[in-house]
Amino acid sequence: MRHIIAATDFSEVAGRAVVTAGRLARAFDASLTLAHAYSSAPIGPPVDYPLMLSAPKREELKGAVSKLLAEERDKLLPGMEVDLELMDHPSTWAALSDLAERRGADLLVLGTHGRTALPRLLLGSVAESTLRHAPCSVLTVRGEPKEEGLFPKILVATDFSPASRPALETAAKLQVALDAQVTLLHVYVVVTPLWGERQRELSVIDADLRGALEERHAKMFERPFEVALMESDNAALAITDYAADHGFDLIVTSTHGRTGLKRALLGSVAENTVRHAPCPVWTARA
């Protein structure tokens, strides 16, 4: 973890993400960039945009936004050495993705609304598009950062496939850097009715899966970890429900490390996990 980019739109939600990014930068001794994308020729400013200028000149707007960005750094990241990146770009997610590519960032941190029930499905176009197109891992933050400890309890999803490896490697690093408790969760599907002998067979399968989780991943972790299993035909909902029921502070999942147009294929499990999660989600990209 060498370089972290924190995105801000000066909202309260973004502020939480910036604070989290700062704590991660300290934990990993990583460089930190605070970034904001704006448009000098917008159709109209967003409702919550802090600058309500009717017809600003390009340089006036740049100067005003630059001042806001510096104030955000001083308020949320006091005493830290932070690079500021101001981008005049009509697309926030494209500007952030391009910046991460240019800087060779390892992580992009941004805020999402901590909603519940059906409204939580409204992830937001910026967060969703950034997740799809970013060249690096993305941490989406919702809720207030903990006063003590960053992510004390971490849940990492694995399906035994090579695609799970980035999430597992990330969780292993976070476990050491943050002195966190890690649980490996595997969601499996049972396609036949369960009764009699079939129910007894399931208990054997459960034991075998737990053993496989421990044996296959033991070499990846320097410290002990817990294992958990859930039977469900919807992996994303199973992951988020388990995280909510057991009070996890972070979910780590993987997405495919693709480039170009194919990078837009985030994967339904990763995307839906971010949509429904009760806590921050670290989407690890190889």
Is it true that a side-chain atom of [X] and a backbone atom of [Y] form a donor plus acceptor pair closer than 3.5 Å?
{"X": "D106", "Y": "R2", "result": "yes"}
{"X": "T240", "Y": "L237", "result": "yes"}
{"X": "R16", "Y": "L110", "result": "no"}
{"X": "T283", "Y": "S254", "result": "no"}
{"X": "H186", "Y": "L229", "result": "no"}

If you round to the nearest 0.5 Å, how far is [atom2] of [Y] from [atom1] of [X]?
{"X": "Y38", "Y": "L69", "atom1": "OH", "atom2": "CG", "result": "11.0 Å"}
{"X": "E271", "Y": "T255", "atom1": "CD", "atom2": "OG1", "result": "9.0 Å"}
{"X": "R73", "Y": "L32", "atom1": "CZ", "atom2": "CG", "result": "11.0 Å"}
{"X": "I4", "Y": "T20", "atom1": "CD1", "atom2": "OG1", "result": "10.5 Å"}
{"X": "E71", "Y": "L76", "atom1": "CD", "atom2": "CG", "result": "11.0 Å"}
{"X": "L107", "Y": "F28", "atom1": "CG", "atom2": "CZ", "result": "9.0 Å"}

| said: Can a side-chain donor-acceptor contact be found between E85 and T33 if the only test is distance below 3.5 angstrom? | reply: no

| query | Between the side chains of S11 and D9, is a donor N or O closer than 3.5 angstrom to an acceptor N or O? | reply | yes

| Step by step, would you call H217 with F225 a side chain to side chain contact (heavy atoms under 4.5 Å, CB included)? | CA-CA 10 Å; H217 302 110; F225 55 84; 4.2 Å; yes

| So does D245 have more than 12 non-hydrogen atoms from other groups sitting under 6.0 Å from CG? | yes

If every non-hydrogen atom of [X] is compared with every non-hydrogen atom of [Y], which pair is closest and at what distance?
{"X": "I5", "Y": "A100", "value": "CD1-CA, 3.7 Å"}
{"X": "V82", "Y": "L77", "value": "CG2-CD1, 3.9 Å"}
{"X": "L84", "Y": "A70", "value": "CD1-CA, 3.9 Å"}
{"X": "L99", "Y": "A35", "value": "CD2-CB, 3.6 Å"}
{"X": "A6", "Y": "A21", "value": "CB-CB, 3.6 Å"}
{"X": "H3", "Y": "A30", "value": "N-CB, 4.2 Å"}

| message | Applying side-chain hydrogen bond (donor to acceptor under 3.5 Å, both in side chains) to S161 and D159, what does each step give before you reach the verdict? | response | CA-CA 5 Å; S161 74; D159 61 1; 2.6 Å; yes

| query | With H89, which residues qualify under ring pair (Phe, Tyr, Trp, His ring centres under 6.0 Å), at least two apart? | reply | none

Please tell me if the side chains of [X] and [Y] come closer than 4.5 Å, counting only heavy atoms from C-beta onward.
{"X": "L86", "Y": "V65", "value": "yes"}
{"X": "L213", "Y": "T158", "value": "yes"}
{"X": "M80", "Y": "R26", "value": "yes"}
{"X": "E128", "Y": "W93", "value": "no"}
{"X": "L68", "Y": "H36", "value": "no"}
{"X": "I239", "Y": "I251", "value": "yes"}
{"X": "F248", "Y": "T183", "value": "yes"}
{"X": "V141", "Y": "V109", "value": "yes"}

Could you go through residues 165-178 and list every donor-acceptor pair under 3.5 Å that involves a side-chain atom there, pairing it with any protein atom two or more places apart or in another chain?
| unit_1 | atom_1 | unit_2 | atom_2 | d |
| --- | --- | --- | --- | --- |
| R165 | NE | E169 | OE2 | 2.9 |
| T170 | OG1 | P166 | O | 2.8 |
| Q175 | NE2 | P224 | O | 2.9 |

| task | Verify whether the ring centers belonging to Y242 and H246 lie closer than 6.0 Å. | result | yes

| message | Among L24, V252, L108, which residue satisfies the side-chain contact (heavy atoms from CB on, under 4.5 Å) criterion with L139? | response | L24

| request: Decide yes or no on side chain to side chain contact (heavy atoms under 4.5 Å, CB included) for E226 and V182, but give the supporting numbers first. | output: CA-CA 6 Å; E226 302 292 328; V182 171; over 6 Å; no

